[in-house]
Amino acid sequence: SDMHQMLATKSVENIQFLPFLTTDVNNLGWLGYGYLKQDWTLIAVNAVGAALQTLCVLVYLYYSPVKHPKLLQTLLLLAVLAAGYSYFTLLIDDGQTRLVQLGLFCSVFTISMYLSPLADLAKIVRTKSTRCLSFPLTVTTLLASSSWTLYGLCVHDHYITVS
């Protein structure tokens, strides 16, 4: 719905940038984890997710009147990704250790990403209004996280199940 709004209004007004960026990083992390596990479901879903989130980031940057801070955030997260990639590929030789550490990182990152909307909870309680909370996004997040929990249980992967 945010992408549709940006394209329809040719504006990024009232749309936050950071969720696009963090979801993109999250998809890229799980893509790497899927690659290490040779889990084609993780690879396919997160490759599509990363492509779509990258598209959202690019559309946001295109329509954003103030590009400099958003470009800095993007570059900072790209630097973090590059550092993480270097750490996991150059400093950890053992494949199983690499898989465990990347799985833990992805789980922690996903959990923190899912918890971030709770920052608005105080505002919701104070104003007794859910206007700042997207109902479709909340339902979609519930369905997606439930699906991943079930998938994690099916493949006996605690990192996927917990996050």
Side-chain angles (χ1 to χ4, degrees), residues 1-3 6-7 12 15-121 134 137-138 140-163:
S1 62
D2 286 340
M3 176 70 107
M6 284 189 291
L7 293 171
V12 295
I15 298 174
Q16 294 181 354
F17 178 67
L18 209 49
F20 292 132
L21 206 53
T22 55
T23 303
D24 201 4
V25 170
N26 189 52
N27 286 131
L28 291 169
W30 284 111
L31 178 61
Y33 182 77
Y35 178 75
L36 284 176
K37 276 191 77 169
Q38 291 299 296
D39 182 327
W40 296 103
T41 301
L42 279 175
I43 292 169
V45 169
N46 286 290
V48 170
L52 291 173
Q53 289 302 317
T54 300
L55 179 63
C56 289
V57 166
L58 293 173
V59 168
Y60 191 101
L61 290 172
Y62 181 77
Y63 288 122
S64 178
V66 183
K67 294 180 184 358
H68 192 310
K70 305 305 178 202
L71 285 171
L72 283 177
Q73 288 176 339
T74 304
L75 289 174
L76 178 64
L77 270 174
L78 285 174
V80 168
L81 269 177
Y85 178 78
S86 297
Y87 171 76
F88 286 114
T89 57
L90 301 175
L91 297 177
I92 302 176
D93 293 331
D94 180 49
Q96 187 60 33
T97 302
R98 186 182 300 156
L99 187 67
V100 167
Q101 288 189 7
L102 184 56
L104 182 60
F105 170 80
C106 288
S107 290
V108 169
F109 193 85
T110 300
I111 290 167
S112 64
M113 194 178 79
Y114 280 145
L115 288 176
S116 64
L118 291 179
D120 292 331
L121 190 59
S134 168
L137 180 60
T138 302
T140 304
T141 300
L142 174 67
L143 294 174
S145 58
S146 299
S147 299
W148 282 113
T149 299
L150 292 174
Y151 180 72
L153 289 170
C154 287
V155 297
H156 307 291
D157 188 316
H158 299 298
Y159 299 115
I160 298 170
T161 303
V162 169
S163 61

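Please read all numbers here as calculations on a predicted model, not as lab measurements. These numbers come from the heavy atoms of this one structure, side chains and all, not from hydrogens, waters or symmetry mates.
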Hits for salt bridge (charged side-chain N to carboxylate O under 4.0 Å, His left out) against Lys70, two or more places apart or cross-chain, chain-then-number order -> none
I'd like to know if Lys37 and Asp157 make a salt bridge, using a cut-off of under 4.0 Å between side-chain N and carboxylate O.
yes
Can you name the closest pair of heavy atoms from Trp40 and Gln38 and give their distance?
CZ2-OE1, 3.5 Å
Which distance, rounded to the nearest 0.5 Å, do you find between the OG of Ser145 and the CD1 of Ile111?
11.0 Å
If you define the side chain from C-beta out and look only at heavy atoms, does anything of Val25 sit under 4.5 Å from Val80?
no
Distance from Gln53 atom CD to Asn27 atom CG, nearest 0.5 Å?
6.0 Å
Quick check: do Leu42 and Leu31 have side-chain heavy atoms less than 4.5 Å from each other?
no
For Gln73, which residues count as a side chain to side chain donor-acceptor pair (under 3.5 Å) partner, sequence neighbours excluded?
none
CG of Leu7 to OH of Tyr62, rounded to nearest 0.5 Å, is 10.5 Å
Provide the closest heavy-atom pair for Leu90 versus Asp93 in the form atom of the first, atom of the second, distance.
O-OD1, 4.3 Å
Measuring from Thr41:OG1 to Tyr151:OH, what's the distance to the nearest 0.5 Å?
3.5 Å
Side chains of Asn46 and Leu28: closer than 4.5 Å at any heavy-atom pair?
no
Determine the sole option in Ile160, Thr161, Val162 for which the side chain to side chain contact (heavy atoms under 4.5 Å, CB included) test with Thr149 is passed.
Thr161
About how many Å separate CD of Gln101 and CG of Asp94, when rounded to the nearest 0.5 Å?
9.5 Å
Chi angles and distances behind the side chain to side chain contact (heavy atoms under 4.5 Å, CB included) call for Phe109, Thr22:
CA-CA 9 Å; Phe109 193 85; Thr22 55; 4.2 Å; yes
Please give me the minimum heavy-atom distance between Val12 and Ser64, naming the atom from each residue.
CG2-CA, 3.8 Å
Using the six-membered ring wherever Trp is involved, compare the ring planes of Phe17 and Tyr60 and label them parallel, tilted or perpendicular (cut-offs 30° and 60°).
tilted
Look up atom OG1 in Thr97 and atom CZ in Phe88, then write down how far apart they are to the nearest 0.5 Å.
11.0 Å
Considering non-hydrogen atoms only, spot the tightest contact between Ser163 and Trp30 and give its length.
OG-CZ2, 3.4 Å
Identify the two heavy atoms, one from Cys56 and one from Phe20, that lie closest to each other, and give their separation to 0.1 Å.
CB-CD2, 3.5 Å
